[in-house]
*Asks:* 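Here it is, the structure in full.
Only a predicted model underlies this, so the values are computations on that prediction, with no experimental measurement involved. Indexing begins at 1, ligand by ligand and atom by atom, following the structure's order.
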Amino acid sequence: MINANDPHLKSWLYIESGSDFPIQNIPFGVFKPKNRTNPRVGTRLGNFVIDLAAIAELGYFKTEGIPSKEVFERHTLNDFIALGKPVWRNVREKISEIFNLENREFWNTPDFREDVVYNLLDIEMLMPVSVGDYTDFYSSLEHATNVGKMFRDVNNPLLPNWKHIPVGYHGRSSSIVISGTNIHRPMGQIIVGEDENPIFSPSRNLDFELELAFISGKTSKLGERISTKEAVNSIFGLVLFNDLSARDIQRWEYVPLGPFLSKNFGSVISPWVVTLDALEPFKVHGPKQDVPVLPYLEFDGASNYDIHLEVFLQPEDGRENRICRSNFKYMYWNMFQQLAHQTVGGCNINVGDLYGSGTISGPTHDSFGSMLELSWKGTKPILLSDGSSRKFLEDNDTVIFRGHAEKDGIKIGFGEATTKILPAIQ
Ligand code: CA
């Protein structure tokens with residue numbers, strides 16, 4: 001039993017009802033107070049950000065396996081994550097205890113509050129982890145089927161390997177950025193109409209991909225495999241992930257080695273890493289895998305998480321339009337199978353590596369996780385509230401991802417992953 005997940009807990013800090021960050025969440029992130037020069041590791045409760053370095057300095061993490069407060073004074077979570085799952089769990093439990101409404105020790109101590117609690121307006125969020133390696137999977141049956149129907153064969157959309165392998169590719173980590181970072185439309189080679197030769201141009205088919213990404217909580221040795229069972233304890237947590245994609249560049253370049261420049265110009269994550277511990281109450285069984293998988297990919301029990309996901313598109317000077325509602329529970333291949341597959345040949349992983357789920361599409365048209373699918377390759381434009389329509393993203397459009405799990409009156413949210421599309425640099 002994880003005490004911090006008790007749905008009855010309340011905090012002595014004021015948390016608005018419906019907040020993504022009740023006392024049952026306790027995500028981890030890195031922030032910089034506006035009045036200080038150095039970043040700190042923190043957690044979030046409602047609209048407050050909690051300085052874990054300050055809590056450590058006051059001596060409250062002494063028995064939680066934290067060697068020194070310095071681990072919370074880093075620019076990233078990597079050193080904290082490297083301490084391992086028992087420590088993440090202990091620290092989350094301790095934070096829950098400190099901010100519990102029934103714990104009078106702290107809320108009657110003004111000094112404690114002054115040292116430890118920041119208003120959201122007085123801080124800036126930074127990239128939570130240093131991402132060494134990044135893998136992007138392709139694990140939604142509905143997404144792979146839609147793409148197969150559009151670009152291959154309506155009657156036979158899946159390639160023969162798809163139900164045997166969690167298909168993926170190694171991506172680019174340098175351009176993974178935090179929510180609020182705006183991205184220029186990429187330049188690249190595209191084919192216009194029926195032309196044989198490409199032109200160099202701003203992408204005309206810029207898209208988002210609705211994904212969640214998991215962050216590895218373990219460093220393994222070269223040659224070592226991580227089983228699906230071990231994978232459960234080797235994942236630190238999840239963030240929202242917008243894997244921006246230029247479909248026209250992709251279409252021309254992807255044969256035969258897969259996506260390259262069409263997906264490396266910017267991918268945006270939400271700043272708070274929500275732990276698998278916090279998501280434990282929202283576990284559900286995944287879709288039935290109707291082709292038997294090889295033994296190393298077998299997984300028993302609830303493998304998926306019921307996480308509602310939404311995409312909003314906001315034109316410049318316009319309102320937010322919700323254009324997609326999907327759910328992480330639809331994923332055909334789960335994270336534990338993805339990590340087992342990643343390492344089965346002996347590939348080593350590091351703490352802080354990031355693994356994109358692949359676009360998360362559901363069974364209905366409004367649950368498709370990309371513009372490519374929502375507008376069906378541009379043939380069904382999406383109507384917006386200002387009267388305009390979109391086949392793909394236009395300059396100055398803002399794309400906002402939101403996500404949360406909800407059960408027994410408790411909502412565990414991810415906040416936002418937001419980015420604005422800026423004009424190409426020509
Ligand atoms: Ca992707």
Side-chain angles (χ1 to χ4, degrees), residues 131 133-148 150-151 157-159 161-162 165-179 181 183 185-186 188 203 205-216 238-255 257-270 307 309-311 323-324 326-328 330-335 337-339 341-342 353-362 367-375 377 392-393 399-401 403 414 417-419 421:
V131 180
D133 279 303
Y134 156 49
T135 295
D136 192 19
F137 287 98
Y138 187 59
S139 289
S140 153
L141 177 64
E142 289 81 1
H143 173 68
T145 302
N146 286 339
V147 173
M150 278 185 261
F151 294 106
L158 291 183
L159 287 168
N161 63 3
W162 200 89
I165 291 176
V167 170
Y169 68 95
H170 285 113
R172 181 82 192 167
S173 56
S174 65
S175 52
I176 297 174
V177 293
I178 191 161
S179 176
T181 308
I183 304 287
R185 177 179 299 274
S203 168
N205 295 166
L206 183 56
D207 202 353
F208 63 81
E209 289 190 331
L210 172 61
E211 303 191 28
L212 280 166
F214 73 80
I215 288 166
S216 59
L238 286 165
V239 290
L240 299 168
F241 184 59
N242 181 352
D243 187 25
L244 288 167
S245 299
R247 301 298 178 195
D248 41 3
I249 297 173
Q250 184 178 356
R251 201 170 308 133
W252 171 238
E253 75 176 2
Y254 87 102
V255 182
L257 289 184
F260 189 40
L261 310 186
S262 55
K263 288 170 180 276
N264 75 356
F265 56 91
S267 301
V268 183
I269 67 170
S270 52
I307 300 172
L309 299 165
E310 295 177 305
V311 180
I323 58 171
C324 164
S326 189
N327 195 304
F328 192 45
Y330 297 135
M331 299 309 289
Y332 185 88
W333 293 103
N334 64 63
M335 296 184 281
Q337 293 175 316
Q338 289 170 338
L339 193 57
H341 185 63
Q342 172 85 54
D353 290 351
L354 190 123
Y355 301 79
S357 57
T359 306
I360 305 163
S361 293
S367 64
F368 294 169
S370 64
M371 301 281 279
L372 177 72
E373 294 161 271
L374 289 166
S375 75
K377 222 167 54 163
F392 290 96
L393 297 172
V399 184
I400 305 152
F401 287 5
F414 286 79
T418 299
T419 186
I421 305 303

*Asks:* Ring centroids only, cut at 6.0 angstrom: are Tyr355 and Phe241 within range, meaning strictly under it?
*Replies:* no

*Asks:* Need the atom name: nearest N/O/S atom of Asp136 to the Ca ion (ligand 1).
*Replies:* OD2

*Asks:* Measuring from Asn264:CG to Tyr134:OH, what's the distance to the nearest 0.5 Å?
*Replies:* 10.0 Å

*Asks:* Is Lys263 close enough and on-axis enough to Tyr254, meaning under 6.0 Å and within 45°, for cation-pi?
*Replies:* no

*Asks:* Can you give the angle Asp243 OD2 - the Ca ion (ligand 1) - Glu211 OE2, rounded to 10°?
*Replies:* 100°

*Asks:* By atom name, which N, O or S atom of Glu209 is the nearest to the Ca ion (ligand 1)?
*Replies:* OE1

*Asks:* Using the benzene-type ring in the case of Trp, are the ring centres of Trp333 and Tyr138 under 6.0 Å apart?
*Replies:* no

